[in-house]
Amino acid sequence: MYNHQLHQKVNAVLKKHKTDIAGKDNDFYIRMLTGASSMHYLFNEIYPDDENMFIKLVELVIKAHRERPDDLLKRDGQKAEKADWFLSNQITGMSLYVDRFAGNIRSLSSRLGYLEKLGVNLLHLMPVFESPQGESDGGYAVSDFRKVDKRFGTLNDLKNFRKLLSERGMYLMVDIVLNHTSHKHQWALKAKAGDKKYQDYFYMFGDRTMPDAYEKTMPEVFPESSPGNFTWVPECDKWAMTVFHKYQWDLNYTNPLAFLEMLDNIFFYANLGVDVLRIDAPAFIWKQPGTICMNLPQVHTLLRLIKQCVLIATPGMALLGEAIVEPHELLKYFGTCLYTAKECDFAYNATQMALQWDMLATGDTRVMLASQHELMQKPLGASWITYTRCHDDIGLGYNDDMIRHAGYDPVQHRKFLKDYFSGKYKGSQATGALFSFNPKTGDARISGSLASLCGLEKALKANDPDLIKLAIKKILLMQAHSFFLGGVPMLFYGDEAGYTNDYSYLNDPGKSYDNRWMHRPVIDWSKNKRTGKKGTVEHEIFSGTQKLISIRKKLDLISDRKNLTWLNTNNHQTAAYIRTAENSRFYGIFNFSGRTAGFSTEILAAYGEIPSTIQNHWTGEKLNLQPYPEKWTIEPYGFYLLGT
């Protein structure tokens, strides 16, 4: 919408900064004038009538554009020509800890051939910026947003690594921790020293009045290891809000200065050449007494403002919102109403991830299918990160109604899942552990590697070939189901080579309190070399994962076009979906039980005309669909990937 006064004001700032609106800055100038009204509206939603701060915001956006390197400006244009480049079926990601995977950033460069062989072309480097040893939270307690931690190398190493990725046609993803800083960040150190300006960057109070008001409705994130949401700071005699850990101070986004500082850090990452910026824990970034301080409307306004600023200054960078919340809340992170698909470009499909584990434990797909009426509301133009494991625990927070729909009692069902994956349930082959158990509520999440939760750890200890084969089938079933749903598949390092739980974390005082480190292995490259040796467990899992990635890249209709329909398979063992594009069709059919499942081609015919034969991309064979109907059987934990 044209706003004469606003555009005159923005034009004046552009002129002041000598923007070449008819020359090299023309594209930026058009984006600025097109987006200025939206940027102004969103800013005023959070910081009403603060025109001086809005001008500072405009200047910050101009600065980010002016500092953008020429190669990234060119890359922005190439991405724009592709339109929603990040929705492509050609992208497959891997998330990894640099030190645990390769030692440091320089050494990581020498492992790119291994990743390319697998088919990975998007690398998510878990936090690499400076954080204090022993108070790191895996790198999410950042003490310097612009300094690579010396454990991983230097900022120049990261810049060189990004350029190497670009030369190979690969993409880079890193984290920005918006919710909090380390208590050793310079802002926190100045706040401890009594500097009022920096105390206002955080939630700090001289007595318990406001902390107690917040605590009445705020849940505890880590009730075992970090109970409560406030920590006493003796250096300045104040209480600081510390929702995650006592060494992580929550940033106060009611203060526009704090917002502008963090936006400047976002632009810093964009101009390093980051392709996807993972915004950690965005659900928590706005706090308000009398609420649970999660998913508040102001969270979405801030994210939309960030997205608008990025679109103007550094448009080649996509945003991922790491909001691990219930589906009805999660979908809001893609944007709503006028901002549909204009907030976060990606969100983790955490609900689907957890529901896959539900299916694997129960051999029943009904709870998962009951959730789809919400998850299918994801808008066109935004996408999921799909995955079976990540660095975090597996939460079981999906809606009770989904569980009741399948005929289960929610409390007893979750108890079964916790017992099953922690290995307490009779007959379970899983080797996991409960994380963040809350004795007040009985709530807990699940830790454990993909391989261990699928039974490989127990199978290897028993030296049982049949159980090993069964565990591998489960691993590949889980990966296949998530790879073709729609969205970018994100592998977690080690899963491609069948890594079981790593218990060495118990010997490290900085990690021993957090059993999530059991599924964050230290890579043994002699083990990974076995991925090239036929007959080994590593080769079976690696080559199977490699094949799934290769199949996905050959099928253009797997790009996220919001083209998925779930099929009614007439049994509770199997999950099946169809994806369509023009004259092409893809059918994914998955048996999540330990029993053989029947499948009739009548089911496919209910969703349109079917051909006489169809290709099974997984086995390479052609299957007859005529005479009609054909009856198929799907072996335990087997699947079909069918295409026309």
Side-chain angles (χ1 to χ4, degrees), residues 92-103 107-124 126 356 360 387-391 429-432 447-483 489-505 517-553 618-620 637-639 641:
T92 302
M94 177 181 281
S95 181
L96 58 84
Y97 288 94
V98 171
D99 55 338
R100 301 175 82 79
F101 186 81
S107 297
L108 182 58
S109 300
S110 67
R111 301 300 180 185
L112 291 182
Y114 171 85
L115 297 171
E116 286 179 312
K117 180 181 177 183
L118 181 61
V120 165
N121 56 4
L122 166 63
L123 275 191
H124 171 208
M126 299 295 290
Q356 284 191 210
L360 192 70
Y387 61 114
T388 56
R389 283 305 286 120
C390 69
H391 74 287
Q429 289 298 307
T431 307
S447 292
S449 74
L450 171 64
S452 290
L453 293 178
C454 285
L456 186 59
E457 184 172 336
K458 280 189 177 180
L460 290 172
K461 283 182 179 177
N463 195 25
D464 187 322
D466 290 334
L467 288 179
I468 291 171
K469 182 179 178 181
L470 189 66
I472 292 171
K473 288 183 69 175
K474 290 179 181 179
I475 290 167
L476 295 177
L477 168 70
M478 293 287 281
Q479 299 290 39
H481 186 259
S482 71
F483 276 20
M490 185 67 69
L491 294 162
F492 190 59
Y493 80 108
D495 287 350
E496 83 290 351
Y499 272 75
T500 55
N501 292 337
D502 183 344
Y503 299 104
S504 64
Y505 80 97
W517 286 103
M518 71 169 58
H519 54 255
R520 303 167 181 174
V522 177
I523 292 300
D524 174 2
W525 282 97
S526 62
K527 173 181 171 66
N528 286 59
K529 283 183 180 178
R530 293 200 289 272
T531 59
K533 185 177 180 181
K534 289 185 178 181
T536 64
V537 169
E538 292 83 1
H539 177 265
E540 289 295 309
I541 296 172
F542 184 93
S543 61
T545 307
Q546 181 187 50
K547 186 174 180 180
L548 291 171
I549 294 170
S550 176
I551 293 168
R552 185 178 179 276
K553 288 183 178 180
W618 180 241
T619 63
Y637 306 110
F639 56 88
L641 304 175

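Note that the numbering runs from 1 along the sequence shown for the chain. Nothing here was measured: the structure is a model prediction, and the numbers come from that model.
Aromatic pair Phe542/Tyr114: centroids less than 6.0 angstrom apart.
Residues Ile549 and Phe483 meet the side-chain proximity criterion, which asks for heavy atoms closer than 4.5 Å. A 4.5 Å side-chain heavy-atom check between His391 and Leu96 finds every atom pair outside the cut-off.
With sequence neighbours left out, the side-chain hydrogen bond (donor to acceptor under 3.5 Å, both in side chains) criterion links Tyr499 to Asn528. Legend: residues meeting salt bridge (charged side-chain N to carboxylate O under 4.0 Å, His left out) with Glu496, ordered by chain and number and at least two apart, are absent. By the side-chain contact (heavy atoms from CB on, under 4.5 Å) test, Asp99 is found to be paired with Tyr97, Phe152, residues two or more places apart in sequence or in another chain being considered. When the side-chain contact (heavy atoms from CB on, under 4.5 Å) test is applied to Ala451, the partners found at least two apart in sequence or on another chain are Ser449, Leu456, Ile475, Thr500. Among residues two or more places apart in sequence or in another chain, the side-chain contact (heavy atoms from CB on, under 4.5 Å) test is passed with His539 by Lys534, Thr536, Ser543. For Ser110, there are no side-chain contact (heavy atoms from CB on, under 4.5 Å) partners at least two apart in sequence or on another chain.
Going from atom CE of Met94 over to atom CG of Leu115 covers 5.5 Å, rounded to the nearest 0.5 Å. How far CZ of Arg389 is from OG of Ser452: 10.0 Å, rounded to the nearest 0.5 Å.
Not one N or O on the side chain of Trp618 forms a donor-acceptor pair closer than 3.5 Å with the backbone of Leu548. Within the 3.5 Å criterion, the main-chain N or O of Thr92 finds no donor-acceptor partner in the side chain of Lys553.
Residues Leu476 and Ile541 approach most closely at CD2-O, 4.0 Å, considering heavy atoms. Smallest separation of non-hydrogen atoms from Cys454 and Leu360: SG-CD2, 3.9 Å. Shortest non-hydrogen contact noted between Asn463 and Pro465 is O-CD, 3.4 Å.
The side-chain tip of Lys473 does not point at the ring of Tyr637 from less than 6.0 angstrom away and within 45° of straight on.
The closest side-chain donor-acceptor pair between Thr388 and Gln479 falls under 3.5 angstrom.
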> Checking side chain to side chain donor-acceptor pair (under 3.5 Å) for the pair Tyr503/Asn501: CA distance, chi angles, key distance, verdict?
Replying inline: CA-CA 6 Å; Tyr503 299 104; Asn501 292 337; 3.1 Å; yes

